[in-house]
Amino acid sequence: MSPDPAEASETAQEPEQGRRLSSARVLDVDPLLDDPRTRIVVCCGSGGVGKTTTAAALGLRAAERGRKVVVLTIDPAKRLAQSMGIDSLDNVPRRVKGTEGDGELHAMMLDMKRTFDEVVEAHADPARAAAILANPFYQSLSAGFAGTQEYMAMEKLGQLRARDEWDLIVVDTPPSRSALDFLDAPKRLGSFLDGRLIRLLTAPAKLGGRAGMAFLNVGMSMMTGTLGKLLGGQLLKDVQTFVAAMDTTFGGFRTRADATYKLLQAPGTAFLVVAAPERDALREAAYFVERLAAESMPLVGLVLNRVHDSGAGRLSAERALAAAENLEDPRIVDQGGGKAGLRNSSDTQGSSQSSAPETAAPAPEEGSPADTERSVDRLTAGLLRLHAERMRLLARERRTRDRFTARHPDVAVVEVPALPGDVHDLAGLRDIGNLLAAQRPERTEHI
């Protein structure tokens, strides 16, 4: 397959730019983590771009630089626990052992249902709380209602911040298609709680006593039959029981959601968008950047994960492919053993020898010096083709990144090179943290 001339030319002209940011501002991570005014760091981005690893690496680096940190993950894959040497994470922050420095690192994984239960237990008397927790409709709502996970992530964030026990909270956002769903979750839940059906179902409880029963008998009788057919008689009863028991806590949900939303807009919060140098991931990143700006959320920069590099950037894809083809078939460029002179000599032109087909050279014997040389040539050609593919990948990533930075020149960027394996321990997280802090604005220049 022939190389893309544009890619080859770009690679040849700018051999070192694959390692450097173009005209984008460079994100300096350490001042952000060291600043005592930074109390919350939220890592958001599309799925599979390394949000969990980035959050854990930032938390570890901040802790080892002297801060008391808790990392809240919503990743059900439990990779964070494994990388921190913890058997499992749950809804309670757990101290991570093996950190260096004077700080502390704690980690936890959101238990959506348990967080919902805690909210109920904290804002209802014991008898009412027991009735709510045992209600079948509540059990279904708390386990899988759309937006519940995102809302509970915000609820847990608000709880952690209110305790004021940690200097820094690092949040790994839910692995949903849109990583900013947690911004919409309070509105969606509020719309549900304020919906016409819920208001109608809670009306009898609000009226209370005989008036409430009269309303229920007169007003609800007209719709009970229809709702009973749609929802089922028992489910309708469960819903009515649930909303009657939850009525006193509805306002608390909205109040806390509004408070947490304002907390996310406060100066002490910093949003980091995490992406990979791929078209779809950076398209999502651009959406996150624009959405955060629209919501007045404090964005500090973009973490570009898994960026590829090459130590032989001066060898372009075009030159590598040409060299590989020459090694695989030397007759393309070279002629062996004086054949070029023989073929082009005036003595042979027009003779029968010049038109006779050239006899193929016998294959070298296995193990002979000629056979060894051909094996080395084939191996070298394969490596050259791999290098050409790597240089094409670098050029593609660079163009994709530069399109993003051209569209969002004010967004500071830090790049993290692609690693040969997965991060599975504190040493790996520490390496990621070092890579995040390796770039400094004064060291990065536009070529």
Side-chain angles (χ1 to χ4, degrees), residues 29-30 32-34 38-45 47-115 118 149-150 152-176 179 182 260 263-264 268-272 274 303 305 416 422-437:
V29 171
D30 284 345
L32 172 69
L33 299 179
D34 294 342
T38 304
R39 302 300 302 275
I40 298 173
V41 173
V42 181
C43 296
C44 57
V49 296
K51 293 193 306 293
T52 301
T53 301
T54 300
L58 290 170
L60 176 62
R61 187 168 184 85
E64 295 188 336
R65 295 176 69 86
R67 303 197 70 180
K68 188 175 181 181
V69 185
V70 60
V71 178
L72 169 63
T73 183
I74 299 93
D75 185 1
K78 301 184 180 180
R79 289 179 290 109
L80 180 62
Q82 295 170 357
S83 64
M84 292 184 170
I86 301 175
D87 293 335
S88 62
L89 291 176
D90 53 25
N91 222 35
V92 178
R94 299 188 181 278
R95 178 81 178 268
V96 177
K97 299 179 181 179
T99 60
E100 303 172 355
D102 299 328
E104 294 182 13
L105 178 62
H106 301 251
M108 62 183 299
M109 185 173 71
L110 177 71
D111 184 330
M112 178 180 66
K113 188 178 187 312
R114 182 57 203 152
T115 301
E118 290 173 355
Q149 184 183 52
E150 289 81 5
M152 288 304 150
M154 291 190 67
E155 183 76 38
K156 180 57 68 175
L157 173 60
Q159 293 176 7
L160 293 172
R161 186 65 182 86
R163 289 167 63 177
D164 204 25
E165 185 176 345
W166 292 275
D167 298 336
L168 178 65
I169 303 169
V170 182
V171 182
D172 166 34
T173 54
S176 53
F182 71 99
T260 305
L263 181 65
L264 292 174
T269 299
F271 278 84
L272 279 173
V274 184
V303 175
N305 257 336
V416 179
D422 293 333
V423 175
H424 58 275
D425 54 18
L426 285 181
L429 291 176
R430 192 173 290 115
D431 289 342
I432 294 292
N434 291 336
L435 291 170
L436 282 166

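These numbers come from a predicted model, not from an experiment. All residue numbers in this chain count up from 1 along the given sequence.
Every residue two or more places apart in sequence or in another chain that forms a salt bridge (charged side-chain N to carboxylate O under 4.0 Å, His left out) with Glu118 is listed here: Arg114, Lys156. Evaluation of the salt bridge (charged side-chain N to carboxylate O under 4.0 Å, His left out) rule for Asp431 yields no partner, not counting sequence neighbours.
Here the closest non-hydrogen pair linking Ala57 and Leu436 is CB-CD1, 4.4 Å. Considering every non-hydrogen atom in both Gly428 and Val423, the closest pair reads C-CG1, 3.5 Å. The shortest non-hydrogen separation linking Cys44 to Lys51 is C-CD, 3.5 Å. Shown here for Leu32 and Ala270, the closest heavy-atom pair between the two residues is CD1-CB, 3.8 Å. In plain terms, the two heavy atoms of Pro93 and Val70 that are nearest each other are CB-CG2, 4.1 Å. A pairwise comparison of heavy atoms in Leu168 and Ala62 identifies CD2-CB, 3.6 Å as the closest pair.
Between Val170 and Val42 the shortest side-chain heavy-atom distance does not fall below 4.5 Å. Taking the side chain as every heavy atom from C-beta outward, Cys43 and Phe271 never approach each other to under 4.5 Å. Under the 4.5 Å side-chain criterion, counting only non-hydrogen atoms from C-beta, Leu72 is in contact with Leu160. Residues Leu33 and Arg67 fail the side-chain proximity criterion, which asks for heavy atoms closer than 4.5 Å. Annotation: side chain of Leu263 is in contact with side chain of Ile40 (closest heavy-atom distance under 4.5 Å). Ile432 is listed as a side-chain neighbour of Thr53, based on a closest heavy-atom distance under 4.5 Å. In this structure, the side chains of Lys113 and Met152 stay at 4.5 Å or more apart for every pair of heavy atoms.
The CG atom of Leu58 sits 6.0 Å away from the CG atom of Leu272 when rounded to the nearest 0.5 Å. With rounding to the nearest 0.5 Å, the separation of OG1 in Thr269 from CZ in Arg161 is 8.0 Å.
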Could you walk me through whether Glu64 and Arg430 satisfy the side chain to side chain contact (heavy atoms under 4.5 Å, CB included) test, starting with their C-alpha distance in whole Å, then the side-chain angles of each, then the deciding distance to 0.1 Å, before giving a yes or no? CA-CA 9 Å; Glu64 295 188 336; Arg430 192 173 290 115; 2.7 Å; yes

Check the pair Thr73, Val171 against side chain to side chain contact (heavy atoms under 4.5 Å, CB included), reporting the backbone distance first and the verdict last. CA-CA 6 Å; Thr73 183; Val171 182; over 6 Å; no

Report the C-alpha separation of Val71 and Asp172 in whole Å, then their side-chain angles, then the decisive distance to 0.1 Å, and conclude whether the side chain to side chain contact (heavy atoms under 4.5 Å, CB included) test is met. CA-CA 8 Å; Val71 178; Asp172 166 34; 5.5 Å; no

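In this structure, Asn305 contributes its side chain and Val416 its backbone to no donor-acceptor pair below 3.5 Å. Side-chain atoms of Arg39 do not come within 3.5 Å of backbone N or O of Ile169 as any donor-acceptor pair. Under a 3.5 Å cut-off, the side chain of Asp111 and the backbone N or O of Asn91 do not form any donor-acceptor pair. With hydrogens and angles disregarded, no donor-acceptor distance shorter than 3.5 Å links the side chain of Thr99 to the backbone of Leu60.
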For residues 100-110, which side-chain N or O atoms pair as donor and acceptor with protein atoms under 3.5 Å away, sequence neighbours left out?
residue	atom	partner	partner atom	Å
Glu104	OE1	His106	NE2	3.0

